[in-house]
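Everything numeric here is computed off the predicted structure, so don't read it as measured data. The chains referred to below are lettered A, B, ... by the order of the sequence lines, with proteins before strands, and numbering in each begins at 1.
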Protein chains: 2
Amino acid sequence: MSSDEPRRRGAGRPVKRVLSQARIVAAALEVIQAGGYGALTMSALARRLEVAPSALYNHVESKQEVLRWLQDFVMSSVDTSCFADLPWDQALRAWARSYRDVFARHTPLIPVIAVLQVSGAPRTLAMYEAVTQGLQRAGWPTPQIVPAIVALESFIYGSAYDAVAPQDIFDTGALAADSPRFTAAVELQTGRADGRAADAAFEAGLSALVTGLAGGAGLPLESGPA
Amino acid sequence: MSSDEPRRRGAGRPVKRVLSQARIVAAALEVIQAGGYGALTMSALARRLEVAPSALYNHVESKQEVLRWLQDFVMSSVDTSCFADLPWDQALRAWARSYRDVFARHTPLIPVIAVLQVSGAPRTLAMYEAVTQGLQRAGWPTPQIVPAIVALESFIYGSAYDAVAPQDIFDTGALAADSPRFTAAVELQTGRADGRAADAAFEAGLSALVTGLAGGAGLPLESGPA
DNA sequence: ACCTGAACACCGTTCAAGT
DNA sequence: ACCTGAACACCGTTCAAGT
């Protein structure tokens with residue numbers, strides 16, 4: 001993640017800069033870290049790499065490709081080690097929480113994933129492989145695994161958006177009189193002092209999905225309902 | 001949806017054009033219809049309204065506001081009549097399917113919803129009110145309703161992306177050897193001649209969520225598992 | 001009150017010219 | 001093989017000047 005380049009041993013001049021995929025992704029993450037996704041422009045990226053914007057195009061097809069690389073890199077920080085440590089249903093929950101938390105910090109990548117070919121995303125693929133292995137080891141029938149992953153992912157992406165939404169989204173304001181039932185239901189929610197409403201909805205949905213998908217796969221839960 | 005304006009009765013000259021929210025939304029939908037969301041620029045919108053781009057800013061704060069208006073308009077085509085006709089669990093499924101199908105055609109609006117204040121979105125609010133009423137009438141405890149809606153919505157938004165993703169997203173290609181288990185699981189899926197894999201995952205997840213959320217709310221299903 | 005045309009400060013991307 | 005600088009074809013938005 002450092003932006004200075006070491007000199008090659010014994011060489012009299014600086015090593016030629018090679019804009020590898022790894023360096024470009026690292027620079028992109030620094031730009032995002034400093035200014036958010038709005039700050040991630042090809043110019044800003046080039047500046048961080050101390051290069052002219054046009055030079056980037058010798059190493060990258062398009063900004064979209066940078067986003068695809070970012071997506072795959074970010075995916076590698078989703079935790080799959082839980083499948084080695086925990087009963088499968090707890091592991092699935094832990095994986096889903098980690099997955100949501102990671103992409104809540106990278107929501108602009110979510111539309112990228114939706115179109116991303118896994119054949120170009122080795123880390124993403126490694127994650128799928130780990131989850132598949134975890135579920136197979138737990139006795140899940142293979143034909144149910146992909147639909148289960150897809151359903152969980154859909155829920156996770158939507159929940160990642162929800163996690164970063166303003167808390168007062170459901171304030172009905174001047175329209176409260178037109179939606180008395182919903183307004184009352186929302187007020188019950190905002191009264192909760194514990195944690196955020198988004199987290200409660202995520203946990204409720206996650207439990208429902210894990211239980212329901214396992215039931216559809218003909219499996220009892222290993223550690224009972226949460 | 002027509003773009004020509006009637007003359008006011010008895011008036012000697014054309015009615016002054018008023019760029020109402022309704023006309024702007026209609027024009028935006030025409031632009032999207034013709035060229036997709038990539039074609040929706042302020043210039044294109046102005047052209048469709050036969051006005052200079054700068055004129056739009058007398059009626060709209062920003063392009064983001066246009067998107068918010070669009071979002072609310074599009075939301076009104078989500079079906080909630082099912083709550084009047086069907087047992088609540090079937091109604092919830094029918095609503096969710098309609099919701100997903102609508103936003104699969106409008107995925108660029110999904111990030112807009114995530115930040116949209118319902119107080120400025122009357123049709124969206126009306127939808128929430130209808131769902132709330134439907135669930136209350138079925139005996140759902142009020143405190144469970146908002147989390148259930150949020151969880152279902154998260155799943156629906158993610159599934160909308162999934163519904164428009166290329167079918168071969170999971171082709172592992174040259175990386176197949178690195179992910180043998182997942183590759184095999186995906187092949188079982190693509191072998192299915194019936195419908196699209198995204199639909200199977202959506203239905204599996206939807207059943208799991210409806211069943212699980214109802215269970216969490218202490219309710220049995222009205223019409224048995226699907 | 002609402003329009004136009006010019007201008008501004010950006011974008012991503014291309015390409016000839018260099019080394 | 002890879003860089004630079006200039007240029008291109010856009011964006012969304014602002015604003016003085018009009019009616």
Side-chain angles (χ1 to χ4, degrees), chain A residues 3-5 7-8 11-32 34-71 108-109 111-112 115, chain B residues 3-5 7-8 11-32 34-71 108-109 111-112 115:
Chain A
S3 64
D4 47 3
E5 197 74 10
R7 283 161 181 272
R8 209 193 298 271
R13 52 190 180 82
V15 180
K16 186 165 210 184
R17 292 193 168 278
V18 176
L19 298 186
S20 64
Q21 176 172 334
R23 283 197 65 217
I24 292 172
V25 166
L29 285 169
E30 288 166 14
V31 171
I32 291 161
Y37 273 87
L40 181 61
T41 64
M42 294 301 268
S43 289
L45 184 53
R47 200 176 314 125
R48 179 76 59 158
L49 289 161
E50 291 174 45
V51 115
S54 53
L56 287 176
Y57 290 89
N58 289 307
H59 305 92
V60 165
E61 218 173 61
S62 61
K63 183 179 179 181
Q64 194 61 27
E65 182 166 63
V66 175
L67 293 177
R68 285 194 295 267
W69 290 352
L70 265 176
Q71 192 282 325
L109 295 179
V112 175
V115 196
Chain B
S3 65
D4 47 5
E5 198 73 11
R7 284 160 179 272
R8 209 193 298 272
R13 53 192 179 81
V15 180
K16 185 166 209 183
R17 290 192 169 281
V18 176
L19 297 187
S20 63
Q21 178 173 333
R23 281 198 64 219
I24 291 172
V25 166
L29 285 169
E30 288 165 14
V31 171
I32 291 160
Y37 273 86
L40 182 61
T41 64
M42 295 302 267
S43 289
L45 184 53
R47 201 176 313 124
R48 180 74 61 157
L49 289 160
E50 292 174 43
V51 114
S54 53
L56 287 176
Y57 290 88
N58 289 306
H59 304 93
V60 165
E61 217 173 59
S62 61
K63 184 180 179 182
Q64 194 61 27
E65 182 165 63
V66 174
L67 292 177
R68 285 195 294 267
W69 290 352
L70 263 177
Q71 193 282 326
L109 295 179
V112 175
V115 196

- Task: Begin from the C-alpha positions of Val18(B) and His59(B) and carry the test side chain to side chain contact (heavy atoms under 4.5 Å, CB included) through to its verdict.
- Result: CA-CA 9 Å; Val18(B) 176; His59(B) 304 93; 5.5 Å; no
For the residue pair [X] and [Y], establish whether any side-chain heavy-atom pair is separated by less than 4.5 Å.
X: Leu19(A); Y: Asn58(A); result: no
X: Ile32(B); Y: Leu70(B); result: yes
X: Arg68(A); Y: Glu61(A); result: yes
X: Leu45(B); Y: Val60(B); result: no
X: Lys63(A); Y: Leu56(A); result: no

- Can a side chain N or O of His59(B) be found less than 4.0 Å away from OP1 or OP2 on dA1(C)?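 Checking His59(B) against dA1(C): no side-chain N or O falls below 4.0 Å of OP1 or OP2.
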- Dot-bracket for DNA chain D: what is it, with Watson-Crick or G-U pairs under 3.5 Å, [ ] where a pair crosses earlier ones, and | for a pair to another strand? ||.|||||...|||||.||
- Message: Can you tell me how far apart CG (Leu40(A)) and CZ (Arg48(A)) are? Round to the nearest 0.5 Å.
- Response: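 Reported to 0.5 Å precision, the distance equals 11.0 Å.
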- Interatomic spacing from OG in Ser62(B) to CE in Met42(B) - rounded to 0.5 Å: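 Output value for this atom pair is 7.0 Å.
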- With B for base contact, S for sugar-phosphate-only contact and - for none (protein heavy atoms under 4.0 Å), nucleotides 4-19 of chain D reads BB-----SSBBB----
